[in-house]
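Counting begins at 1 with the first residue of the sequence. Here the structure is a predicted model, which means the values were calculated and not measured.
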Amino acid sequence: MKLTYTPKGVCSRQMTVEAENGRITDVQVVGGCNGNLKGIASLLKGMEVDQAIARLEGIRCGGKPTSCPDQIACALKQLREL
């Protein structure tokens with residue numbers, strides 16, 4: 001399954017998440033902190049979707065109520081519902 005997600009409240013403009021059999025196969029983010037997001041995407045590959053959501057959900061960026069990792073968790077939740 002593949003989902004393209006438009007994040008809210010962060011610098012990144014678009015996120016694409018893919019999973020197969022409950023495991024993340026790819027994460028791509030347009031915009032945001034390029035190096036950090038590439039690192040996060042690499043670490044998420046092969047991880048169970050539910051485990052990634054549990055680890056990323058609720059992370060904040062500075063004074064913002066969300067962050068790119070939190071928005072990836074939102075995207076993964078939507079993907080899980082497909």
Side-chain angles (χ1 to χ4, degrees):
M1 284 187 258
K2 181 177 180 176
L3 173 81
T4 300
Y5 178 80
T6 302
K8 296 155 190 71
V10 295
C11 300
S12 55
R13 297 182 306 276
Q14 186 178 51
M15 299 176 171
T16 303
V17 292
E18 293 183 56
E20 227 175 271
N21 300 320
R23 291 201 175 269
I24 298 167
T25 57
D26 193 38
V27 176
Q28 295 180 12
V29 182
V30 176
C33 302
N34 190 38
N36 289 335
L37 291 168
K38 282 182 181 176
I40 291 169
S42 179
L43 291 169
L44 290 174
K45 284 185 185 175
M47 187 180 288
E48 290 181 12
V49 170
D50 290 338
Q51 182 183 24
I53 292 169
R55 289 183 179 205
L56 299 176
E57 187 174 41
I59 293 175
R60 296 174 57 147
C61 182
K64 298 176 185 176
T66 189
S67 66
C68 288
D70 183 56
Q71 289 297 297
I72 292 171
C74 293
L76 290 169
K77 284 182 182 178
Q78 282 191 12
L79 180 71
R80 187 176 59 186
E81 294 173 6
L82 295 179

> With sequence neighbours excluded, what pairs up with Lys64 under the salt bridge (charged side-chain N to carboxylate O under 4.0 Å, His left out) test?
Replying inline: none
>> I need the minimum non-hydrogen distance between Leu44 and Ile24, along with the two atoms involved.
In response: O-CB, 3.5 Å
> Which residues pass the side-chain hydrogen bond (donor to acceptor under 3.5 Å, both in side chains) test with Gln14, sequence neighbours left out?
Replying inline: none
> What are the two closest non-hydrogen atoms of Leu56 and Pro69, and how far apart are they?
Replying inline: CB-O, 3.3 Å
> Just by distance, do the side chain of Ser67 and the backbone of Ile59 share a donor-acceptor pair under 3.5 Å?
Replying inline: yes
> Do the side chains of Cys68 and Met15 get nearer than 4.5 Å, heavy atoms only?
Replying inline: yes
> Passes side-chain contact (heavy atoms from CB on, under 4.5 Å), Lys2 versus Thr16? Steps please.
Replying inline: CA-CA 7 Å; Lys2 181 177 180 176; Thr16 303; 3.5 Å; yes
>> Test of understanding: with side-chain hydrogen bond (donor to acceptor under 3.5 Å, both in side chains), list the residues that count as partners of Thr66, not counting sequence neighbours.
In response: Asp70, Gln71
>> Among residues at least two apart in sequence or on other chains, which ones pass side-chain contact (heavy atoms from CB on, under 4.5 Å) with Leu43?
In response: none
>> Give me each pair satisfying salt bridge (charged side-chain N to carboxylate O under 4.0 Å, His left out) with a member in residues 13-33, each pair once, sequence neighbours excluded.
In response: Arg23-Glu48, Asp26-Lys45
>> Grouping I, L, V, M, F, W and Y whenever their side-chain heavy atoms are under 4.5 Å apart, do Val27 and Val10 come out in a common cluster?
In response: no
>> Holding to side-chain hydrogen bond (donor to acceptor under 3.5 Å, both in side chains), I want the full list of residues that pass it with Asp50, two or more places apart in sequence or in another chain.
In response: Arg80
